Amino acid sequence: MDKNSLFNTNTIKVRKQQDNVGTPHEVLEYVYKAMDEKGYDPVDQLVGYFLSEDPTYITSNKNARTVIAKLERYDLIEELVSFYINHSIKGKKIK
């Protein structure tokens, strides 16, 4: 036996498969529908989640808690603010 073969190791490269999570808009829509279906107030629940970082504000119905956790809260909040500005403020004169 070759003495170098004792120390020869094989390396297996494992590449983590990235989940197809969707855009922040798609995730918010999915989570909204899952909470609404269960009778929760999605706005109150999402605000609680954003402020506290507590995932229990999001229902586990349709795996919504897992889906929302795959995105950074910053990205979700950015989507909400951007959407609000683009649809409610832009083009209007601010007094």
Side-chain angles (χ1 to χ4, degrees):
M1 178 183 266
D2 183 358
K3 79 175 192 178
N4 288 333
S5 67
L6 291 174
F7 301 103
N8 190 9
T9 59
N10 293 327
T11 303
I12 300 172
K13 292 184 181 183
V14 178
R15 194 170 134 192
K16 185 179 177 191
Q17 183 178 352
Q18 201 166 18
D19 295 328
N20 187 6
V21 175
T23 66
H25 179 89
E26 292 167 338
V27 168
L28 287 167
E29 183 177 10
Y30 183 83
V31 170
Y32 174 91
K33 288 177 181 177
M35 288 191 290
D36 189 52
E37 181 179 283
K38 290 301 277 185
Y40 296 115
D41 181 340
V43 173
D44 284 346
Q45 297 302 113
L46 284 166
V47 169
Y49 171 70
F50 291 136
L51 292 177
S52 71
E53 293 186 61
D54 184 354
T56 59
Y57 275 98
I58 307 302
T59 182
S60 58
N61 182 42
K62 294 189 174 181
N63 219 18
R65 190 177 298 158
T66 302
V67 169
I68 201 168
K70 292 184 180 193
L71 290 180
E72 294 292 326
R73 283 180 321 125
Y74 177 89
D75 294 331
L76 295 167
I77 294 169
E78 181 180 45
E79 174 67 21
L80 291 170
V81 172
S82 177
F83 186 87
Y84 177 79
I85 288 172
N86 288 330
H87 291 84
S88 297
I89 296 175
K90 274 190 174 177
K92 292 183 180 180
K93 287 189 177 182
I94 300 175
K95 297 178 183 181

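Because the structure is predicted, anything quoted here is derived from the model rather than measured.
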Practice task
May I ask you to decide if Tyr32's main-chain N or O and Asp36's side chain share a donor-acceptor pair within less than 3.5 Å?
Solution key: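 Checked: no pair found.
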
Practice task
Tell me, please, which residues at least two apart from Lys62 pass salt bridge (Lys or Arg N to Asp or Glu O under 4.0 Å).
Solution key: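 By the salt bridge (Lys or Arg N to Asp or Glu O under 4.0 Å) rule, Lys62 matches Glu37.
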
Problem - Close side-chain approach of Leu46 to Ile58, heavy-atom, < 4.5 Å - result: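 Side chain of Leu46 against side chain of Ile58, heavy atoms only: contact under 4.5 Å found.
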
Problem - Side-chain touch Met35/Asn61, heavy atoms, less than 4.5 angstrom - result: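 A side-chain contact under 4.5 Å is absent here.
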
Exercise for the section: Quick one: which residue pairs count as a ring-ring contact (aromatic ring centres under 6.0 Å, His included) with a foot in residues 34-77, not counting sequence neighbours? Expected result: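 Pairs touching residues 34-77 that pass the test: none.
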
Problem - Shortest non-hydrogen separation from Ser52 to Gly48 and the atoms involved - result: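 That closest heavy-atom pairing would be OG-O, 2.7 Å.
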
Problem - Nearest atoms (heavy-atom pairs only) where Thr59 meets Ala64 - result: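 That closest heavy-atom pairing would be O-CB, 3.4 Å.
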
Practice task
Determine, using the 4.5 Å side-chain heavy-atom cutoff (strictly less than), whether Val27 and Leu80 are members of one ILVMFWY cluster.
Solution key: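 Result: yes, single cluster for both.
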
Practice task
Please answer: with hydrophobic residues joined when any side-chain heavy atoms are less than 4.5 Å apart, are Leu51 and Tyr84 in the same cluster?
Solution key: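 Not linked; separate clusters.
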
Problem - Listed once per pair and sorted, the salt bridge (charged side-chain N to carboxylate O under 4.0 Å, His left out) pairs that draw on residues 73-84, sequence neighbours left out - result: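 Every salt bridge (charged side-chain N to carboxylate O under 4.0 Å, His left out) pair that includes a residue of residues 73-84, provided the two are not neighbours, is Glu53-Arg73.
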
Exercise for the section: Report the distance from atom CG of Leu76 to atom CD1 of Ile68, rounding to the nearest 0.5 Å. Expected result: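 So the CG of Leu76 and the CD1 of Ile68 are separated by 5.0 Å.
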
